[in-house]
Amino acid sequence: MPRLLVRRPSPRLAEGELTHIERVPVDAELAQHQWDSYVDVFRRRGWEVVEVDPADEHADGVFIEDAVVMFGDLAVLTSPGAESRRGEIASARSALEGAGIPYRAIELPGTLDGGDVLKIGRTVYVGRTLRTNDEGIAQLRDLLSPRGWSVVAVPVSKVLHLKSGVTALPDGTVVGFEPLVDDPGAYPDFLAVPEEHGTAVVVLDDATVLMSADAPETAELYRSRGLEVITTPITEFEKLEGCVTCLSVRVRDE
């Protein structure tokens, strides 16, 4: 059974870090409702939900994917680029240990946010951003190369994280809203989508993706390619540069 690591939103969610968009009011009650609905999508499809201990003092703690990235059956604990987020790692480490998931860690001065990591097959694209530096990428490459993964660094300057700009469909096609993608040519197969919030998909299986409810034209584009598309509203997290990918860590059966 696949497992889903999640962390409930902090009451301080509205104070989360922002880099590329203006701050607007966040409705904490609505955010909790949207988070519950998001988690229920996975629960209804048979995923075991594992809640990481709350980190109410960390406004961005709900974005758990920034703290942990899975590579097969190995987890990598990250080294957040924002100093305010480094306190999130201890509880993420405890969750991995409690779940019996083996892990390795990126260490300072290397920095790496999970939102900067996009896996397609055995290729790992890593965004060079304000949150992820060359030393962090080098440490990740040292961890993964012996395990048969290829790490490719790509430039990211228009959005917070690599996966704020691009993700991938089940067939490996990279999708993104072209005005926010630094170099579409960095990917062997790139598909431009018509809406900013259509760039992020979570692959549930070979024929199904989960995405924001705020991109109906993009959802129809994906359906035209033969995919089942499940949508869920995440407006309050999008106000904080979040998306469907960063709200969970997917631990899949290997």
Side-chain angles (χ1 to χ4, degrees), residues 2-10 16-17 39 42 47-119 122-153 156 160-164 167 202 241-254:
R3 287 177 286 178
L4 190 77
L5 305 185
V6 292
R7 194 197 317 259
R8 291 182 172 275
S10 163
E17 297 269 359
V39 173
F42 293 88
W47 292 60
E48 177 189 352
V49 175
V50 179
E51 285 203 35
V52 178
D53 286 344
D56 288 352
E57 68 277 22
H58 295 289
D60 288 307
V62 69
F63 302 122
I64 186 65
E65 187 188 47
D66 286 330
V68 178
V69 187
M70 294 300 305
F71 298 93
D73 59 0
L74 176 73
V76 171
L77 273 174
T78 69
S79 175
E83 188 172 353
S84 66
R85 300 198 61 185
R86 291 175 188 162
E88 299 172 24
I89 296 301
S91 53
R93 185 190 304 269
S94 295
L96 293 175
E97 292 172 347
I101 300 171
Y103 67 88
R104 301 288 296 275
I106 303 298
E107 305 287 352
L108 291 171
T111 62
L112 179 81
D113 274 18
D116 281 322
V117 179
L118 175 64
K119 295 166 289 180
R122 302 295 287 185
T123 299
V124 182
Y125 294 95
V126 185
R128 281 195 181 97
T129 66
L130 295 174
R131 304 289 180 89
T132 294
N133 64 19
D134 287 337
E135 171 62 20
I137 297 172
Q139 288 184 36
L140 186 66
R141 183 177 286 112
D142 288 345
L143 284 174
L144 296 182
S145 292
R147 295 173 169 85
W149 298 79
S150 174
V151 175
V152 178
V156 177
L160 172 61
H161 288 130
L162 174 65
K163 290 202 293 191
S164 305
T167 57
V202 172
E241 298 179 289
C243 63
V244 289
T245 66
C246 52
L247 291 171
S248 64
V249 176
R250 283 76 61 193
V251 185
R252 302 175 191 271
D253 298 326
E254 291 296 321

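- Asp66 places a side-chain N or O within 3.5 Å of a backbone atom of Gly115 that can act as its donor or acceptor partner.
- Under a 3.5 Å cut-off, the side chain of Arg122 and the backbone N or O of Arg147 do form a donor-acceptor pair.
- Counting only heavy atoms from C-beta outward, the side chains of Thr129 and Leu162 never approach each other to under 4.5 Å.
- In this structure a side-chain-to-backbone donor-acceptor pair under 3.5 Å is present from Arg250 to Ser248.
- Summarising the geometry, atom CD1 belonging to Ile137 is positioned 5.0 Å from atom CZ belonging to Arg128; distances are rounded to the nearest 0.5 Å.
- The shortest distance between side-chain heavy atoms of Phe42 and Val202 falls below 4.5 Å.
- Atom CG of residue Asp60 and atom CD of residue Glu17 lie 6.0 Å apart, to the nearest 0.5 angstrom.
- Between Leu143 and Ile106 the shortest side-chain heavy-atom distance falls below 4.5 Å.
- Side-chain atoms of Arg104 do not come within 3.5 Å of backbone N or O of Leu144 as any donor-acceptor pair.
- Counting non-hydrogen atoms of neighbouring residues, nucleotides and ligands closer than 6.0 angstrom, the CG atom of Leu130 reaches no more than 12 such neighbours.
- Residues Met70 and Leu5 have side chains not in contact (no heavy-atom distance under 4.5 Å, counting atoms from C-beta outward).
- Inter-residue side-chain proximity for Leu247 and Val62 is flagged as met; some heavy-atom pair is nearer than 4.5 Å.
- One distance of note links OG1 of Thr78 with CD of Gln139; it measures 11.5 Å at 0.5 Å rounding.
- Here the side chain of Ser145 pairs a donor or acceptor atom with the backbone of Arg141 at under 3.5 angstrom.
- Atoms CG and CD, from Leu112 and Glu135 in turn, are 11.0 Å apart once rounded to the nearest 0.5 Å.
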side-chain contact (heavy atoms from CB on, under 4.5 Å) for Glu241 and Phe63? Distances and angles first, verdict last.
CA-CA 10 Å; Glu241 298 179 289; Phe63 302 122; over 6 Å; no
Dump the intermediate steps for side-chain contact (heavy atoms from CB on, under 4.5 Å) on Val156 and His161, then the final yes or no.
CA-CA 7 Å; Val156 177; His161 288 130; over 6 Å; no
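- Across Ser91 and Val52, no two heavy atoms sit closer than the pair O-CG1, 3.7 Å.
- A donor-acceptor distance shorter than 3.5 angstrom exists from the side chain of Arg7 to the backbone of Asp53, with no hydrogens or angles considered.
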Set out, in order, the CA-CA distance, both residues' side-chain angles and the distance that settles side-chain contact (heavy atoms from CB on, under 4.5 Å) for Phe71 and Leu140, then state yes or no.
CA-CA 11 Å; Phe71 298 93; Leu140 186 66; 4.0 Å; yes
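- Side chains of Leu77 and Val68 form a contact here, defined as non-hydrogen atoms less than 4.5 Å apart.
- Between the side chain of Arg86 and the main chain of Pro80, a donor-acceptor pair closer than 3.5 Å is present.
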